[in-house]
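These notes are about the structure you will find just below.
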2 protein chains.
Amino acid sequence: MRDAGAGSNRSERRDAAENRRRILNAAITLFEQHGVQPVSMNQIAIEAQIGSGTLYRRYGNKSELCLDLIKDNMFLLFEDITAYMAQNRADPPSQRLTGLLRLFIRFREKKAQLLKGVEESGPGDRLRYRTRNPLYNELHQLIVGLFDEMGAGQAQPNSVFKADMVLMALSSDAYSFQRDVRGYSPELILEKICSTFVS
Amino acid sequence: MRDAGAGSNRSERRDAAENRRRILNAAITLFEQHGVQPVSMNQIAIEAQIGSGTLYRRYGNKSELCLDLIKDNMFLLFEDITAYMAQNRADPPSQRLTGLLRLFIRFREKKAQLLKGVEESGPGDRLRYRTRNPLYNELHQLIVGLFDEMGAGQAQPNSVFKADMVLMALSSDAYSFQRDVRGYSPELILEKICSTFVS
DNA sequence: TATATAAACGGAGAAGTCTCCGTTTGTCAA
DNA sequence: TTGACAAACGGAGACTTCTCCGTTTATATA
């Protein structure tokens with residue numbers, strides 16, 4: 001799990017590995033101290049005692065750095081999800097979807113700041129959709145599967161689109177909006193999503 | 001329509017009005033020439049031959065400037081919508097919703113770049129939701145009304161939430177994703193939205 | 001017309017992201 | 001052990017967004 005950091009190339013040079021550790025440690029320290037959003041890449045470089053060029057060669061932006069920081073937790077989430085899906089394979093798909101979303105929402109509550117950090121790429125958005133991070137595709141596939149099961153009889157289950165909508169509803173922006181502006185609790189949001197998309 | 005620019009205070013000083021014209025002209029010129037996203041506030045200030053402080057006092061960020069540039073078109077859109085709603089008040093609400101969304105999608109296709117400019121506020125997102133621009137509340141209210149009509153019999157129509165979801169689906173990010181990544185046409189997106197949320 | 005004054009101006013500069021490129025350094029083969 | 005050299009380093013600097021504040025100016029009032 002340590003050297004899966006940025007794709008498994010031919011082994012990493014020792015100084016590079018050392019710097020990666022320093023970067024991650026610095027980021028963790030600063031994020032714990034000030035939160036994710038207000039910490040700049042420069043601050044991280046300084047805290048890690050490396051040049052900013054070095055930082056940027058490894059992580060093209062803060063988003064990538066945040067991603068590296070929650071990768072481990074993401075693996076754990078997927079283990080939980082996989083276990084849940086296996087244990088409850090007899091339940092109707094709508095119920096499994098609820099369970100899956102509940103796990104994800106729990107994760108999102110715990111890692112809200114980093115997740116937000118992952119989803120925003122900074123200024124000059126180069127044609128990147130906030131929706132495209134590794135989490136997305138994995139979850140999307142699972143959800144499409146469940147919608148397909150639910151709509152097995154229908155002509156057009158529209159599972160791909162519906163899954164996109166569900167995940168959109170769980171993006172940092174939409175989710176925080178429901179939390180903070182609409183004032184809904186996580187459990188209520190889950191309920192509303194299910195009642196809207198499962199019906 | 002000219003002096004409704006930023007709220008109707010006691011009349012605008014002549015030099016200020018002049019500068020506003022210059023800013024808007026500069027922005028239009030540059031946006032036509034290079035597109036919205038790659039043009040910086042500095043470039044606009046230079047093209048308008050004013051100091052950047054002057055530009056920023058009038059428009060706190062590019063988003064506000066873009067908003068001013070489509071305001072007129074937004075009014076036209078709302079006129080269209082109001083007319084449509086009046087002419088078709090006898091139709092079932094689901095059909096009126098489709099019509100409303102079709103009008104909005106047409107608008108969004110025409111003003112895609114500026115709309116994207118409006119929705120992104122630049123780096124350092126100060127607790128602002130991409131979803132909060134004037135368009136949002138107006139449309140949201142209309143859509144909530146239609147959902148309420150549709151679900152008049154049900155216990156929890158969840159109209160507010162559903163309206164949020166529909167508008168989320170029509171945000172620049174989600175919409176472009178469906179267009180560019182999923183490869184759906186505007187008409188197909190409209191269909192999918194309706195079949196997902198109207199059921 | 002003169003003048004006080006609130007409003008508007010403008011540009012230096014703080015702080016951030018990210019690139020470029022000359023320098024340094026691990027590593028591997030000889 | 002010794003080069004050779006790809007890889008990694010680092011910081012200057014280009015370009016942004018946005019603020020601060022001393023200066024200028026349009027306008028209302030006397």
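From a predicted model like this one, the values you see are computed outputs, not experimental measurements. Residue numbering restarts at 1 for every chain, and letters A, B, ... go by the order of the sequence lines.
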In whole angstrom, what separates B:Asn61's CG from D:dT16's C1'? 13 Å

Tell me what B:Thr54 touches on the nucleic acid: a base, only sugar-phosphate, or nothing, going by heavy atoms under 4.0 Å. base

Nearest to the side chain of B:Ser40 - C:dC18, D:dT17, C:dA6? D:dT17

For the pair made of CD in B:Glu12 and C1' in D:dT27, what is the distance, rounded to whole Å? 14 Å

B:Arg57 side-chain N/O to C:dC9 phosphate OP1/OP2 under 4.0 Å: yes

Would you call B:Arg179 and B:Glu109 a salt bridge, using N to O less than 4.0 angstrom? yes

Once you apply a heavy-atom cut-off of 4.0 Å, does B:Gln43 come out as touching a base, just sugar-phosphate, or nothing? sugar-phosphate

Sorted by position of nearest nucleotide on DNA chain D, 5' first, the leading residue of B:Asp15 and B:Met41 is B:Met41

Return the value, rounded to whole Å, for the distance between atom CD of A:Glu18 and atom C1' of C:dT25. 14 Å

Residues A:Glu191 and A:Arg102 bridged, charged N to O under 4.0 Å: no

Of all the nucleotides listed (D:dT25, D:dC9, C:dC18), which has the minimum atom distance to the side chain of A:Tyr56? C:dC18

Non-neighbouring partners of B:Phe104 that pass side-chain contact (heavy atoms from CB on, under 4.5 Å), sequence neighbours left out: B:Leu77, B:Phe107, B:Arg108, B:Leu135, B:Leu139, B:Leu170

Integer-rounded Å distance: C:dG10 P and B:Arg13 CZ: 11 Å

Output the rounded distance in Å from OH (B:Tyr59) to C1' (D:dT19). 19 Å

Do we see a donor-acceptor contact under 3.5 Å between the side chains of A:Asp148 and A:Ser159? yes

Could you tell me how the ring of B:Phe161 sits relative to the ring of A:Tyr184: parallel (under 30°), tilted (30 to 60°) or perpendicular (over 60°)? tilted

To the nearest angstrom, how far is B:Arg20 atom CZ from C:dA7 atom C1'? 15 Å

For B:Ala16 and B:Ser52, find the nucleotide of DNA chain C closest to each by heavy atoms; which residue's nucleotide sits nearer the 5' end? B:Ala16

Mapping A:Gly53 and B:Pro38 to their closest nucleotides on DNA chain D, which lands nearer the 5' end? A:Gly53

Whole-Å distance, B:Arg58 CZ to D:dT19 C1', equals 17 Å

Identify whether any heavy atom of B:Asn42 sits under 4.0 Å from a base atom; if not, whether one sits that close to sugar-phosphate; answer base, sugar-phosphate or nothing. base

To the nearest Å, give me how far apart CG (B:Leu55) and P (D:dC20) are. 17 Å

Check if the side chain of B:Arg14 and the base of D:dA26 share a donor-acceptor pair of N or O atoms closer than 3.5 Å. no

